[in-house]
Amino acid sequence: MTSNRSVGSFSLVIFGATGDLAKRKLFPALFSLYKREQLPEDFQVIGIGRSIRNVGDFHQAVKDSVHSFGRIKAENEEEWSRFIRHFQFVTSSVDDPAGYQQMKTLIDEKEKAWQGAGNGNRLFYLAIAPDLYGTVSSHLKESGLTRTNGWKRIIIEKPIGHDYESAKQLNEQIKKAFTEEEIYRIDHYLGKEMVQNIEVLRFANSLFEPIWNHQYIESVQITASETVGVEQRAGYYDQAGALRDMVQNHMLQMLMMVCMEPPSRLKTEAIHDEKIKVLRSLRRYDQEEVGKYFVRAQYQEGVMGEKPVPAYREEKGIDPRSMTETFVAAKLFVDNLRWAGVPFYIRTGKRMTEKVTQIVIQFKEMPRIYFNKQNNLRPNLLVISIHPEESVKLVLNAKEAGSDHQIVPVALEFCHNCEQRSPEAYESLIYDAIVGDQTFFTHWEEVALSWKFIDPVHQAWTQEQDSLHFYKSGTWGPQAAHDLLAEEGHHWWPPILQNDPQVVTAGELKTT
Ligand code: BG6
């Protein structure tokens, strides 16, 4: 997010303004943008929902949300009133044409009052269930809300379908009212500071590009582990599973950022083109091969932070015979000249040891000469930490001070959020949508190709009821996920965080 892009006046309509996403993410993000002076003087936010009856209650809900979840809070009542006067509310369901007419009246009035450039800019945020995207899009069109002299844009959230066919259908419905350039598909991982930093690291340093290929890189690991369980989302999650909840979107997005070729220009279209090419080169597995390259597993009971936690099948709302995976590990290959033969290991799961998002680039080993005659030197690593730390570490071998050639791993490091909290992903993404920058949003082609890659895996699992592994809550996943790497002589690197006195050893790998 840069702050020097010009922002004209705009109306933002939030469908689902009384829901969880608006409360936890959208309102706090809007307030932070306001405080950082990234919103114009003239803007309005219109919330749509059924459970709030008047604008006063809406203002209170926004206030509570910023108070509980905001990174930046209001300093005093006066500042808060200056912010909240931009907020309006329409009590309506999403399929009631009268609600759209009320919205239109509010928007028309404001646009008339605003003088100057940018009049007529409209952003529609669909923080609602995806099966309503089609209904809302057609109402927006029929009500005339999408006819404007300014720009119009729509923001949608995942899940975009549950397979390629359903995603395509959803896309076609939205496209009746918006063009591809007007559709902003959020993958909130693309709003994270360190995910955005991958392209800067790669393309603003002369150091990495010459070695960013199969000749120097031994393997790449991408981990997104969580400690939470299914929480209140049983209905959605038991249908989706980790493959469709995390791999189809966030994990493949991180993989694309690491693998893409340098774009012809630093422009949205050029960057999307390169990311799409990665998905085209991603080796597809047919159903028979899935068992060899993918591990799926489900959490069992265990202890997290000294508290006992139930097994997935005992969670509220989950079928006691559920075969849904809460963990996925996979070995992927990008079959192009740059990455030929390099395994990309990905793993993600709930109820794991720690909440960590990390990319580890493991470089090739030293030849077995000099200090490595016994083959006991650790490989160099480039560790990109996305959560909880936002940092980059280059792990090298160095002589331990005062020792007689005792070699220890040391890390050169840079940390983004160790001193202060970085902007939340939603701040960055909402701002980009307002200024019309689609770079960190997902192009339809990315969605389509990701589903085409994921669908056979899901189909294989639906048919093969016995390939589900289990892992104890609070661990790094099932043994099968470790075996997946061991067969190549690799192992998962544990989280490598700041102030690790000594960096990492394979021996530290915890499997229980
Ligand atoms: C969401 C998934 O997209 O990402 C959740 O639906 C998951 O299941 C979440 O918990 C993880 O996001 P983050 O930013 O906390 O790593």
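Only this structure's heavy atoms are used, side chains among them; waters, hydrogens and symmetry mates stay out. Just so it is clear, the model here is predicted, and its values are computed rather than measured. Just follow the structure's listing: the first ligand is 1, and inside any ligand the first atom is 1.
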Taking CD in Gln459 as the centre, count heavy atoms belonging to other residues, nucleotides or ligands within less than 6.0 Å. Is the count above 12? yes
Using side chain to side chain contact (heavy atoms under 4.5 Å, CB included) as the criterion, list what pairs up with Asp131, not counting sequence neighbours. Ala129
In terms of side-chain geometry, is the basic nitrogen of Lys175 or Glu172 positioned less than 4.0 Å from the acidic oxygen of its partner? no
May I have all residue pairs that pass salt bridge (Lys or Arg N to Asp or Glu O under 4.0 Å) and include part of residues 235-245, sequence neighbours excluded? Lys158-Asp245, Arg233-Asp245
Non-hydrogen atoms closer than 4.0 Å to ligand 1: which protein residues do they belong to? List them by chain and number, please. Lys158, His188, Tyr189, Lys192, Glu226, Arg233, Asp245, Met246, His250, Lys350, Lys355
By side chain to side chain contact (heavy atoms under 4.5 Å, CB included), Arg50 pairs with (sequence neighbours left out) Ser93
Between Arg283 and Phe333, is NZ or CZ placed under 6.0 angstrom from the six-membered ring centre and within 45° of the ring axis? yes
